[in-house]
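Below you'll find the structure, written out as structure tokens, and then a few comments.
Quantities reported herein were computed from a predicted structural model and do not represent experimental measurements. All chains are named by letter (A, B, ...) in the order of the sequence lines, taking the proteins before the strands, and each is independently numbered beginning at 1.
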4 protein chains.
Amino acid sequence: MNIKLAAKNKESQRAVRVGGLEFGRDFVLAAGPCSVESEEQMAAIARAVSEAGANLLRGGAFKPRTSPYAFQGLGLAGLKILQRAGREMGLPVVTEVLDARDVPWVADYADMLQIGARNMQNFSLLKEVGRAGRPVLLKRGMNATLAEWLSCAEYILHYGNPDVVLCERGIRTFETHTRNTLDLSAVPALHQLTHLPVMVDPSHGTGRRELIPAMTLAAVAAGADAVMLEVHHQPDRALSDGDQALLPAEFARLVRRIQVLRDALRQLPDIPPDPLAGGTGPNPENKEEVTP
Amino acid sequence: MNIKLAAKNKESQRAVRVGGLEFGRDFVLAAGPCSVESEEQMAAIARAVSEAGANLLRGGAFKPRTSPYAFQGLGLAGLKILQRAGREMGLPVVTEVLDARDVPWVADYADMLQIGARNMQNFSLLKEVGRAGRPVLLKRGMNATLAEWLSCAEYILHYGNPDVVLCERGIRTFETHTRNTLDLSAVPALHQLTHLPVMVDPSHGTGRRELIPAMTLAAVAAGADAVMLEVHHQPDRALSDGDQALLPAEFARLVRRIQVLRDALRQLPDIPPDPLAGGTGPNPENKEEVTP
Amino acid sequence: MNIKLAAKNKESQRAVRVGGLEFGRDFVLAAGPCSVESEEQMAAIARAVSEAGANLLRGGAFKPRTSPYAFQGLGLAGLKILQRAGREMGLPVVTEVLDARDVPWVADYADMLQIGARNMQNFSLLKEVGRAGRPVLLKRGMNATLAEWLSCAEYILHYGNPDVVLCERGIRTFETHTRNTLDLSAVPALHQLTHLPVMVDPSHGTGRRELIPAMTLAAVAAGADAVMLEVHHQPDRALSDGDQALLPAEFARLVRRIQVLRDALRQLPDIPPDPLAGGTGPNPENKEEVTP
Amino acid sequence: MNIKLAAKNKESQRAVRVGGLEFGRDFVLAAGPCSVESEEQMAAIARAVSEAGANLLRGGAFKPRTSPYAFQGLGLAGLKILQRAGREMGLPVVTEVLDARDVPWVADYADMLQIGARNMQNFSLLKEVGRAGRPVLLKRGMNATLAEWLSCAEYILHYGNPDVVLCERGIRTFETHTRNTLDLSAVPALHQLTHLPVMVDPSHGTGRRELIPAMTLAAVAAGADAVMLEVHHQPDRALSDGDQALLPAEFARLVRRIQVLRDALRQLPDIPPDPLAGGTGPNPENKEEVTP
């Protein structure tokens, strides 16, 4: 694996800050709709997820759609709506950027720039967000190995941006019951290979609303530093990905369950903190486990 | 999906009993070496895993090996060793059967018969264990869809055996960092499709010792009814799969963590029991989640 | 790759004989229905494929079906029908055997025993056909690497049977347009790794009748020693796999095209014979190609 | 499949012209090095492939590399070298463009713009080449279904550019012997779904020099309208992908074999021309084959 800056080592304790949040120290709960659709939609969802406990607001203004005839996002208007909704609720916002040319001005509206799965190896875009002065959420490509994914993070770090969070969102396999196969083993594996925080996206990772709660809890137990969940107050009318959006009430209940799970894991003195609590620092226990 | 007997419905509350255990009611913790190697090895490991909290003993006497030149298992001698070790510790035993001709006599030594991933679609073998009068642990084939896997369970049920437990053990993908990709989304998905209990095998599912603890906890959080873990007191000398065997001390620590995790999940009155506690009965919450 | 007997070396010139055919010397054109359904069906199809140029007759009497409720084959009655149809037309027959217990008596009715994709790693069955005294057609498992496939061939050779032909039939990928993804690169790769002849099955490899002619010609051009094609006189009424069966007239036209293609390839003095003509002997040209 | 402009229909007879070439009418043989490395390298290779029969020159000036520390291409200097080499030999040139910002000026130096596998779903780039007024070679993404690939072509057509050629270059599977799995069934499948010409790249599709000749012939037999081959006069010193580059002499021999194969296929009056000769027009035979 040809990574230097992304590789875990003794000095690698750096946490990633987004607004007042600090990935690695705070558990980050990103939530929001797939697409920004309107002022009203965004305000309603932002309020709901904020009240339920989300601390990072998501929403897409540029949508990478398989078909040119599908809804492509509201663009600049969407960014403004997203920013206002975030400010209103006191939440930093993350949004996807698709085009290297858009990076500078999208960075004016977003606290964190997301690189989507389809663009993981869009090296022009990686270089540009490397120079953007904004933390980056780098999603795993649908068919990317861990080594390739980390090399893409290395691009961003190499071009000057140390603030990268990795987001597992499912890989493509032969299974058709789920939209993707969420590879949770990426979480502990990345925690051993890199100091970068790891987020999990069970919404894209399953593509089925009814599987999201169980997979979110599993992600937390696997040690994820953050999760991202799609929430929509009217999933049947969502312009994209309604099948995988939780209702606000479902989201609120899931957040409570996450909190209980995390509290339980934290209170145990004899359970080493790292794989459970999602810390990204060195893990003495794992070392011990390898050596009999 | 062409399943009848395996499909979940109103009447489907049946639990699977193995010795004094009841899958679905008791959380089952299967542990033991990959292969039965000797009387001493098996006695030492059985004692260690039993003291740590395992309630089902595993050990292979017939090993499906990629190469004809690899260790193929001790056969009948291994079965006898396994049975003695189980009796000594008061644990029921599960062991793999590879050949339809062996089913009747292997059933004399084992409390539960395992069908391995490579034999998931060995229909002769499925029919034979369908008639065997012993509960069956059916591992998922490396490239099997959920629908195909359930059809294989249906074979066993159709031939007269209602006691089938499904075991997720990782699917084959392009990723090479892990031996397989453990598909934990199979757990909640199966809980919605079938009444059969679901076990998870993080040892084969990752193939890397250092990833096993995190993935075991994730499996529990995803709602698994059981986990299976390979344990060896001398992994460096194991005749097979030493890289993915936990040491007894590691196993003991992991068991404590599983217990804490499960206790926390159980104590929460406002968290519906099913996806968390691994029950296999109807799950009113999930239903509600699908309907806004 | 842990193979000895299956590995290509200086002495490895052995051809596989089935009836009067010799794989490696003769181009083998196996054809027939997926399942033996009746005396009349088998007679009609055997006549048609024989007249068109097939030199090996296929037909399944034991069908490995995903669902226990699907047609499972005629069993012994089917074997007798297949044998009679073959004798009538002077063609040797190949048929699948699913169960180690059946090998001895199925070998009485068949000139060649087929191990299906789902049983590639059914090691009991491999050992039994290793002792059967009949040539074996070993299909590639749906998710088998070349190394694993060759290890399965090694089992058969190691147990005493040198007459193994490998059959590529498509691997499982994420693509859903085709039933499987036919991996034709397996043909030249195997020709460099092993002396065993290589057959290609475009029927299962594509699962779509309209793609079969092109993929058959591609297989011949890639150097296949044999092809296997499903043919049915009434595909709409076939009890299995009708979608991928050619009509007799389509088959006849395809055979003429194969012959023209092979004639062209053979007549060229300056084109090294191996990769084009499908020979399995040493290929001096390929060696030269690797060394500049 | 949500395609309109890319879908095959009665009117869809359009061929794609690049310089004096016409895909669909002329068999296109694209060849050249992976990367443009120097004036001398490019001149030597251009001369060699031109003399051997190539009619389109390839060479990368912008290289999408997994690692930021790998050779990234010569950029503008490379484009100028490529253009001069093409003019010298009278060959049009094709080169990859990675960044939407580069499209207008790269189009000044290239006769055809290549979109690489990693950028297949880089929708910004697709829109930009849709407006570029240059024919586009659209490579299949490593994990793209045919439907997704055609949707990407639809983007380019929808944004105003009708001149798109599709290039199969292998998909990612579990197999590790080859770099990718070349999916030749994509060739006849695409010929039924779209009027766009289809190229095959056996160099990336196999990643192993010794497999390239057989897979090239297989591609021609499957009906490919074009092939692309990496050629290097000093593969051991190549700055990228030397393992999959043919030597000029190997390339020359392969071209003769392609010609013989194509001549044979063309001369047969009773063999319908389309699937063999690679034409992209309607194929009456295939239609007939579907209807018994």
> For the residue pair D:Met215 and C:Pro188, what are the closest heavy atoms and their distance?
Replying inline: SD-CG, 4.1 Å
>> Quick check: closest heavy atoms across D:Glu175 and C:Thr145, and the distance to 0.1 Å?
In response: OE1-CA, 3.3 Å
Contact class of [X] relative to chain C, heavy atoms under 4.5 angstrom:
X: D:Ile212; answer: neither
X: D:Ala144; answer: backbone
X: D:Arg172; answer: backbone

>> If you count heavy-atom pairs within less than 4.5 Å of chain C, which of D:Asp243, D:Ile171, D:Thr178, D:Thr216 leads?
In response: D:Ile171
> What option among D:Leu146, D:Asp183, D:Thr206 has the most heavy-atom pairs under 4.5 Å with chain C?
Replying inline: D:Leu146
> Can D:Leu182 and C:Leu184 be said to form a side chain to side chain contact (heavy atoms under 4.5 Å, CB included), step by step?
Replying inline: CA-CA 8 Å; D:Leu182 191 66; C:Leu184 287 182; over 6 Å; no
> Any side-chain heavy atom of C:Phe174 within less than 4.5 Å of one from D:Thr173?
Replying inline: no
> Is there side-chain contact between D:Leu265 and C:Arg257, with heavy atoms separated by less than 4.5 Å?
Replying inline: no
> What pairs with C:Phe251 under ring pair (Phe, Tyr, Trp, His ring centres under 6.0 Å), at least two apart in sequence or on another chain?
Replying inline: none
> Step by step, would you call C:His177 with D:Leu193 a side chain to side chain contact (heavy atoms under 4.5 Å, CB included)?
Replying inline: CA-CA 11 Å; C:His177 184 75; D:Leu193 296 167; 3.9 Å; yes
